[in-house]
Amino acid sequence: MSAWLPTAPCTPRDCSTHQGPAVGALTGSVRLLAGVGLVLAGALMAPFLTLLGGAVRDRLTRHWARTVLRLFGLRVRVVGEPALRRGSGVLVVANHVSWLDIPLLATVFPGRMLAKSEIRRWPLLGALAALGGTLFVERERLRALPGTVRTLSTALAAGSRVIAFPEACTWCGREQGRFTTAVFQAALDADAAVRPVRITYRAPDGEPSGAPAFVGDDTITASLWRVVTAGGLTAEITVLPLIPAGRHTDRRELARDAAAGIAQTGPDGVARTGTEGAARTVVTDGVAHTAVASDSANRPSSSVHQCVNSIPAPASSVRTRS
């Protein structure tokens, strides 16, 4: 992996801890088998969903994603504004904590995921991801960047909802990495709006939990077991105000605006500035409530996997351990 790629100081030992109850091995095993089974079933059905109408496909995807999270032992909590209707091209950007981010975002924003090109070569799942509309980025090739931006811009201009993680690697959720800017250039080129989203995983006491964090040299096996044996987890998605097309003309300004909104929301889900006291819609497992609520590498971000912690981060991006 190239040394330019963003890195995080988060490691499983320091960050992936759960301050809360744990379930037994039997319950964890049942959750694991059920959750993985539904994920595989969804992957196999993805090509057939493309034959359905957009509204029906979105509804089925949301239901599938919510059920996946429930089977893995997590409740889902949605805070904020409703999603745009299908047909409006929008770039959805979120902080990146875990592989769970993907089904969590799909509970609100079914769309075309931006993923690293290596996934295309995975047996079975790579082909299915491509059939499902995943947009792939070659992170190792600078020359591929303009083509990737054009592909994203074309998808947005055609009315697609594109989901990206501009941090380009996972953090534990207590800190946030700097946003790369290429995906924002695609939004500018397509005259598309940007929807920032904050992802937080909480323990039963409401405090952020590190159990779902997929960071550093963590393995998917260890991460899966940590999640299914953690009791009382809640996956929370905070939908922030839309950044309308035309507000910014520079991708760096747009990236900073989106990143600042997500950071100001904070891991506790409360806005730090400008939105204190604002009423927001809160949906927990389908029930609505009211609650108060300098540039890095200009590469498109990747998803699905954490960055490699052993690569030194540039001095400007080094953070205190989470």
Practice item. Using the side-chain contact (heavy atoms from CB on, under 4.5 Å) rule, take R75 and L233 through it: C-alpha gap first, then chi angles, then the decisive distance, then the call. Key: CA-CA 6 Å; R75 300 183 67 201; L233 285 178; over 6 Å; no

Output yes when a side-chain donor or acceptor of [X] lies under 3.5 Å from a complementary backbone atom of [Y], and no otherwise.
X	Y	answer
R62	A106	no
T27	V23	no
R195	L240	yes
R226	A213	yes
T154	R150	yes
S153	V149	no
T234	E236	no
D101	V97	yes
T107	L104	yes
R31	L71	no

Kindly indicate whether the side chain of [X], heavy atoms from C-beta on, has any atom under 4.5 Å from the side chain of [Y].
X	Y	result
D250	F184	no
P110	W64	no
V79	V239	no
R202	S209	no
L105	F165	yes
R161	V92	yes

Please round to the nearest 0.5 Å and tell me the distance separating atom [atom1] of [X] and atom [atom2] of [Y].
X	Y	atom1	atom2	value
L91	I163	CG	CD1	8.5 Å
R251	L188	CZ	CG	9.0 Å
H96	F214	NE2	CZ	9.0 Å
S160	L152	OG	CG	10.5 Å
R112	L156	CZ	CG	9.5 Å
L52	R59	CG	CZ	10.0 Å

Minimum-distance pair of heavy atoms, taken over all atoms of [X] and [Y]:
X	Y	value
A190	A157	CB-N, 3.8 Å
G20	P204	CA-CD, 4.4 Å
A94	E167	O-OE1, 4.4 Å
V228	G28	CG2-O, 3.5 Å
F72	L32	CE2-O, 4.3 Å
V183	P166	CG2-CG, 4.3 Å

Check your understanding: Any luck finding a side-chain donor-acceptor pair between T238 and R198 under 3.5 Å?
Key -> no

Review point. Are L33 and L74 in one and the same hydrophobic cluster, where Ile, Leu, Val, Met, Phe, Trp and Tyr link if side-chain heavy atoms are under 4.5 Å apart?
Key: no

Review point. Hey, quick one: are V30 and V227 part of the same hydrophobic cluster, counting side-chain heavy atoms closer than 4.5 Å, chains of contacts allowed?
Key: no

Practice item. Assess whether side-chain contact (heavy atoms from CB on, under 4.5 Å) is satisfied between V93 and V197, documenting all intermediate values. Key: CA-CA 6 Å; V93 295; V197 172; over 6 Å; no

Exercise for review: Given side-chain contact (heavy atoms from CB on, under 4.5 Å), test I243 with L254 step by step and report yes or no.
Suggested key: CA-CA 8 Å; I243 302 175; L254 181 54; 3.7 Å; yes

Check your understanding: What do the steps show when you test L242 against V90 for side-chain contact (heavy atoms from CB on, under 4.5 Å), and what is the final call?
Key -> CA-CA 9 Å; L242 196 72; V90 63; 4.0 Å; yes

Review point. What residues form a side-chain hydrogen bond (donor to acceptor under 3.5 Å, both in side chains) with S223, not counting sequence neighbours?
Key: W99

Check your understanding: Taking only residues two or more places apart in sequence or in another chain, which ones pass side-chain hydrogen bond (donor to acceptor under 3.5 Å, both in side chains) with D189?
Key -> Q185

